[in-house]
Amino acid sequence: MSVAPQTYQQQGYSTIAKSLHWIVALCVIAIVPIGIMMGRLPDGNFKNNLFEFHKSLGALVLMLMTVRLIYRIVHGVPPEPKIPAFYRFAGNVTHWALYAMLLATPMVAWIGYNAFGVRVPFFGLFELPALVGKNDALSETLFAFHRAMGIGVGVLMAMHIGAALFHYFIRKDGVLQRMLPGS
Ligand code: HEM
Ligand code: HEM
């Protein structure tokens, strides 16, 4: 049976799921270029502030993603979009990879920072507890992982945004609308 994709109505995400998606999306769209830029800046106040902002934003992403994962497990998601199985599969793989990476990347940095001997700040309000004691070798390894994982998040994000635009402009199948207000 063939149905004109333009006429398809897809069932959307809940308001809470959409709000969490867009707040996290804004944070991650900012955090990746900040992470790449900050290490390459000359020493000074601006660089230090950007590092502090990157760490706090990362801590916020970790908290929001934890809430989001629990919300997803408890409340589920709308029925899968009515699109060919291959696209559904590719979407599911990318979404789960994003969940995993958006939890693991800040977690690795948090432990790496504690192993470096400092705590992670949260916008000057409080600090996250230390999870491990000082250990220079561990800190170096975890930061090497964190840098690679941060770039991995950037790649996944680009694929994900590319796919959303592909669904909207080329397939016109209503998938993007599932995450937009009012759907
Ligand atoms: C979702 C959360 C996060 C993402 C996507 C992310 C992403 C990145 C990226 C892309 C880089 C640059 C990699 C490079 O230039 O090769 C970076 C560097 C860095 N990030 Fe994050 N980050 C996150 C959370 C955090 C957190 C929570 C902390 C601190 C606790 C942190 C601390 C750092 C530090 C210190 C660097 C510089 C490492 C170095 O130059 O050795 N990040 N991050
Ligand atoms: C212009 C930017 C973005 C657009 C247009 C967009 C669009 C979408 C859409 C339409 C969905 C639902 C797909 C479906 O119906 O199955 C979705 C899900 C998702 N998006 Fe985005 N997104 C954007 C940015 C981001 C960013 C920056 C991140 C994080 C790095 C992100 C993470 C996720 C995750 C994890 C899901 C799965 C949600 C779930 O099923 O629980 N998105 N996005």
Side-chain angles (χ1 to χ4, degrees), residues 10-14 16-18 20-41 47-48 50-65 68-69 71-73 75-83 87-116 118-122 127-128 131 139-169 173-180 183:
Q10 309 276 6
Q11 192 177 328
Y13 281 81
S14 71
I16 293 178
K18 286 177 190 168
L20 286 167
H21 173 270
W22 288 109
I23 296 167
V24 172
L26 287 180
C27 294
V28 180
I29 287 171
I31 205 171
V32 171
I34 290 175
I36 294 171
M37 199 172 69
M38 66 191 189
R40 290 158 178 85
L41 288 173
K47 179 177 181 151
N48 293 344
L50 223 48
F51 262 83
E52 294 310 289
F53 186 60
H54 179 92
K55 292 185 234 167
S56 295
L57 208 54
L60 179 63
V61 169
L62 178 60
M63 292 173 196
L64 291 173
M65 286 308 292
R68 196 169 165 191
L69 184 63
Y71 180 84
R72 198 193 145 112
I73 292 168
H75 293 275
V77 279
E80 298 235 49
K82 300 180 194 81
I83 51 176
Y87 292 116
R88 277 205 304 271
F89 175 74
N92 284 335
V93 171
T94 316
H95 296 159
W96 281 115
L98 278 166
Y99 268 94
M101 292 293 281
L102 291 175
L103 289 164
T105 308
M107 227 24 245
V108 163
W110 179 358
I111 301 172
Y113 245 83
N114 296 159
F116 187 62
V118 284
R119 297 238 205 138
V120 177
F122 189 75
E127 289 180 333
L128 305 190
L131 301 177
S139 156
E140 264 176 46
T141 310
L142 291 180
F143 271 111
F145 267 107
H146 177 71
R147 285 194 297 272
M149 292 166 87
I151 300 297
V153 169
V155 171
L156 280 173
M157 176 169 83
M159 286 167 53
H160 175 69
I161 295 176
L165 298 178
F166 169 73
H167 282 289
Y168 186 74
F169 286 110
D173 56 12
V175 166
L176 174 59
Q177 284 83 341
R178 279 160 58 90
M179 204 41 105
L180 294 181
S183 64

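Each ligand, and each atom within it, is numbered from 1 in the order the structure gives.
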Discussion item. Could you identify the single nearest non-hydrogen protein atom to atom 37 (C) of ligand 1 and state the distance to 0.1 Å?
Written reply: Met38 CE, 3.8 Å
Worksheet item: Out of Tyr13, Tyr99, Tyr87, Tyr71, whose heavy atom is nearest to atom 16 (O) of ligand 2?
Response: Tyr13
Fill in: Parallel, tilted or perpendicular: ring planes of His146 versus Phe143, cut at 30 and 60 degrees
perpendicular
Discussion item. Would you say that more than 12 heavy atoms from the other residues, nucleotides or ligands in this model lie under 6.0 Å from the CZ of Phe145, or not?
Written reply: no
Discussion item. Nearest 0.5 Å, please: how far is OH in Tyr13 from CZ in Arg178?
Written reply: 5.0 Å
Worksheet item: Less than 4.5 Å apart, any side-chain heavy atom of Ile31 and any of Val153?
Response: no
Worksheet item: Would a distance-only check, ignoring hydrogens and angles, find a side-chain to backbone donor-acceptor pair under 3.5 Å from Trp22 to Leu180?
Response: no
Worksheet item: For ligand 2, does Arg68 get within less than 4.0 Å through its side chain, its backbone, both, or neither, judged by non-hydrogen atoms?
Response: side chain
Fill in: Atom indices of ligand 2, in the order listed, that fall short of 4.0 Å to a heavy atom of Val28
30 (C)
Worksheet entry | atom 39 (C) of ligand 2 [closest protein heavy-atom partner, distance rounded to 0.1 Å] | Arg72 NH1, 2.9 Å
Worksheet item: If you measure from each heavy atom of Glu80 to ligand 2, is any distance below 4.0 Å?
Response: no
Practice prompt. Within a distance under 4.0 Å of any heavy atom of Phe143, pick out the atoms of ligand 1 and give their elements.
Written response: 34 (C), 35 (C)
Practice prompt. Indicate whether any N or O donor in one side chain lies under 3.5 Å from an N or O acceptor in the other, for Trp96 and Asn92.
Written response: no
Fill in: Heavy-atom nearest neighbour in the protein, as seen from atom 5 (C) of ligand 2, with distance rounded to 0.1 Å
Leu176 CD1, 3.4 Å
Discussion item. Any heavy atom of Val153 closer to ligand 2 than 4.0 angstrom?
Written reply: no
Practice prompt. Could you name all protein N, O or S atoms found under 2.8 Å from atom 21 (Fe) of ligand 2?
Written response: His21 NE2, His160 NE2
Worksheet item: Does Tyr168 come within less than 4.0 Å of ligand 2, judged by its heavy atoms?
Response: no
Worksheet item: Does CD belonging to Glu140 count more than 12 external heavy atoms closer than 6.0 Å?
Response: no
Worksheet item: Near Arg178, which atoms of ligand 2 are under 4.0 Å from a heavy atom of that residue?
Response: 14 (C), 15 (O), 16 (O)
Discussion item. If I compare all heavy atoms of Lys55 with all of Val120, which pair ends up nearest, and what's the gap?
Written reply: O-CG1, 4.2 Å
Discussion item. For the CD1 atom on Ile16, are there more than 12 heavy atoms of other groups (residues, nucleotides or ligands in this structure) within a distance under 6.0 Å?
Written reply: no
Practice prompt. Could you pull out the closest heavy-atom pair between Met149 and Ala104, with the gap in Å?
Written response: CE-CB, 3.5 Å
Worksheet item: Which heavy atom of the protein is the closest neighbour of atom 30 (C) of ligand 1, given with residue, atom name and distance?
Response: Val120 CG2, 3.4 Å
Fill in: Worked verdict on Ser14 versus Tyr71 for side chain to side chain donor-acceptor pair (under 3.5 Å)
CA-CA 11 Å; Ser14 71; Tyr71 180 84; 2.8 Å; yes
Worksheet item: Could a heavy atom of Met101 be found less than 4.0 Å from some atom of ligand 1?
Response: no
Discussion item. If you compare all heavy atoms of Pro81 against all heavy atoms of Val175, which two are closest, and at what distance to 0.1 Å?
Written reply: CB-CG2, 3.9 Å
Worksheet item: Is the side chain of Asn48 donor-acceptor paired with the backbone N or O of Glu52 at a distance under 3.5 Å, no angle test?
Response: no
Fill in: Atoms of protein origin (N, O or S) under 2.8 Å from atom 21 (Fe) of ligand 1
His54 NE2, His146 NE2
Item to complete: Return the minimal non-hydrogen interatomic distance between Ile23 and Leu64, and the atom names on each side.
Response: CG2-CD1, 3.7 Å
Discussion item. Out of all atoms in ligand 1, which are within 4.0 Å of some heavy atom of Val61? Include the element for each.
Written reply: 1 (C)
Practice prompt. Kindly compute the distance separating CG (Leu131) from CG (Asn114), expressed to the nearest 0.5 Å.
Written response: 5.0 Å
Discussion item. Can you check which of Arg40, Met37, Glu140 brings a heavy atom nearest to atom 15 (O) of ligand 1?
Written reply: Arg40
Worksheet item: Does the N or O separation between Trp22 and ligand 2 drop below 3.5 Å for any pair?
Response: no
Item to complete: Taking only heavy atoms of Met157 into account, list the atoms of ligand 2 that are under 4.0 Å away from them.
Response: 27 (C)
Discussion item. Below 4.0 Å from ligand 1: does a non-hydrogen atom of Met149 turn up there or not?
Written reply: no
Worksheet item: Does Ile83 offer a backbone N or O that forms a donor-acceptor pair with the side chain of Arg88 under 3.5 Å?
Response: yes
Worksheet item: Counting only heavy atoms not in Phe122, do more than 12 fall under 6.0 Å of its CZ?
Response: yes
Worksheet, complete the sentence: With heavy atoms and a 4.0 Å threshold, my read on which part of Leu102 contacts ligand 2 is side chain
Worksheet entry | Closest non-hydrogen atom pair between Pro121 and Ala59, with its separation | O-CB, 4.5 Å
Practice prompt. Compute the minimum heavy-atom distance from Val24 to ligand 2 and say whether it is under 4.0 Å.
Written response: no
Worksheet item: Which heavy atom of Leu128 sits nearest a heavy atom of Arg119, and at what distance?
Response: O-CD, 3.2 Å
